[in-house]
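Basis for what follows: all heavy atoms, side chains included, without hydrogens, waters or symmetry-related copies. Whatever order the structure lists ligands and atoms in, that order sets their numbers, starting from 1. A quick note: this is a predicted structure, and the numbers were derived from the prediction, not measured.
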Amino acid sequence: MKVLVTGGAGYIGSITAKALEDGGHTPVILDSLLTGPRVFVKDRIFYEGDIADRDLLSRVVDEHPDIDATIHMAARIVVPESVEQPYEYYRDNVAKSLELFDQLDTLGKSRVLFSSSASLYGLVEDFEVTEESPLEPGSPYARTKLMMEMALTDMAGATDLRAIILRYFNPIGSDPDLESGIYVREPSHVLGQLVMAAQGQKDAFTITGTEHPTRDGTGIRDYIHVWDLAQAHVRAVERFDDVLAEVDAPSTIINVGTGDGVTVRELVAAFEKVFGRSVPVREAPPRPGDAVGAFANVDKARDVLGWTTDLTIEDAIESALAWGQRRETVLGYA
Ligand SMILES: NC(=O)c1ccc[n+]([C@@H]2O[C@H](COP(=O)([O-])OP(=O)(O)OC[C@H]3O[C@@H](n4cnc5c(N)ncnc54)[C@H](O)[C@@H]3O)[C@@H](O)[C@H]2O)c1
């Protein structure tokens, strides 16, 4: 199959492109390089441009009439930045995505997979969320994702568009061949911070929030190896029509996680086990807006998508550490 991947120069997009190739498919990358590095595109078919550029999309489809599906991953993704720059986030993630979806419908390219996020979920008592659990998007970023879920669901109800919405939990780790991974200079997410503390680029790892209502007081997440996440896309593209036939709807939402909740202290322990040394840890109060967290109920992913994770959190940590060593060679900065 040939698959248009918007945001295919990014972290998850470039690894998904590799997973598609691994599965015998051909990715076509559309990315503005707003944040994604050119080197992650490698020698793949590549269009540098904006998702809202309708003429460009017409050209892509003209040159690749055999595109079977689109994976729409292009977005702005930094939560605190979305609080400071709401206009840019709503414009790029909402308004531009609407242009993309409408143009795909116009061009007769009806299969759309959309990258949504577990950050939509509100707090539930045992932290395990199904696709029906209450939503409480806590930032402009998360609200752009919810808006696009709603818009896509409505468009699928009224047009030929068909949609599978994947709610990603917390992707970690890197490409199995260490050709791409986290590329931001100072990763703000927990594993990136741990790698920096372990490598001495920071004096300590800070646990923010130790009095949450979890088993050890720290936040809980569902860390999924990005390679497993990439495989979920391959499966969703391959089984697209069957998935929608099974749910008997023009669109559907599926959690993509491991099904295991891991607290920050447990993540630190797993990290130290893989790393073979302890990491200096400091404790601090939660940052404003920090979520207690959630982990995925993955019944629908297993039953409808026919997909489950293969890799462990230790695999993901090992691959993140290996990428930490290698990324200067790929990116030109440590
Ligand atoms: N990384 C996570 O933890 C996470 C969790 C849940 C959901 N997601 C979603 O997964 C998707 C991919 O995330 P990622 O971590 O790979 O992010 P990323 O920033 O690495 O990738 C996004 C890519 O989109 C491109 N882009 C942005 N705006 C564009 C536009 N208007 N036109 C064309 N290209 C544009 C960027 O250049 C970048 O390469 C995003 O939609 C994100 O919201 C990510």
Salt-bridge present ([X], [Y]; N to O < 4.0 Å):
| X | Y | result |
| --- | --- | --- |
| D241 | R162 | no |
| K273 | E314 | yes |
| E88 | R76 | no |
| E48 | R38 | no |

For ligand 1, output the ligand-protein N/O contacts shorter than 3.5 angstrom; if there are none, return none.
from, atom 1, to, atom 2, distance (Å)
ligand 1, 16 (O), Y11, N, 3.3
ligand 1, 16 (O), I12, N, 2.8
ligand 1, 19 (O), T35, OG1, 3.4
ligand 1, 19 (O), Y183, OH, 3.2
ligand 1, 20 (O), Y11, N, 2.9
ligand 1, 20 (O), Y183, OH, 2.9
ligand 1, 31 (N), D50, OD2, 3.4
ligand 1, 32 (N), I51, N, 3.1
ligand 1, 34 (N), S32, N, 3.1
ligand 1, 34 (N), S32, OG, 3.3
ligand 1, 37 (O), D31, OD1, 2.7
ligand 1, 37 (O), L34, N, 3.1
ligand 1, 37 (O), T35, N, 3.0
ligand 1, 37 (O), G36, N, 3.1
ligand 1, 39 (O), G10, N, 3.2
ligand 1, 39 (O), D31, OD1, 3.3
ligand 1, 39 (O), D31, OD2, 2.6
ligand 1, 39 (O), G36, N, 3.3
ligand 1, 41 (O), M73, O, 2.8
ligand 1, 41 (O), K145, NZ, 2.8
ligand 1, 43 (O), Y141, OH, 2.6
ligand 1, 43 (O), K145, NZ, 3.0

Could you tell me which residues satisfy salt bridge (Lys or Arg N to Asp or Glu O under 4.0 Å) with R185, sequence neighbours excluded, listed by chain and number?
->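 For R185, no residue satisfies salt bridge (Lys or Arg N to Asp or Glu O under 4.0 Å) once neighbours in sequence are set aside.
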
Closest non-hydrogen atom pair between Y11 and V226, with its separation = OH-CB, 3.6 Å

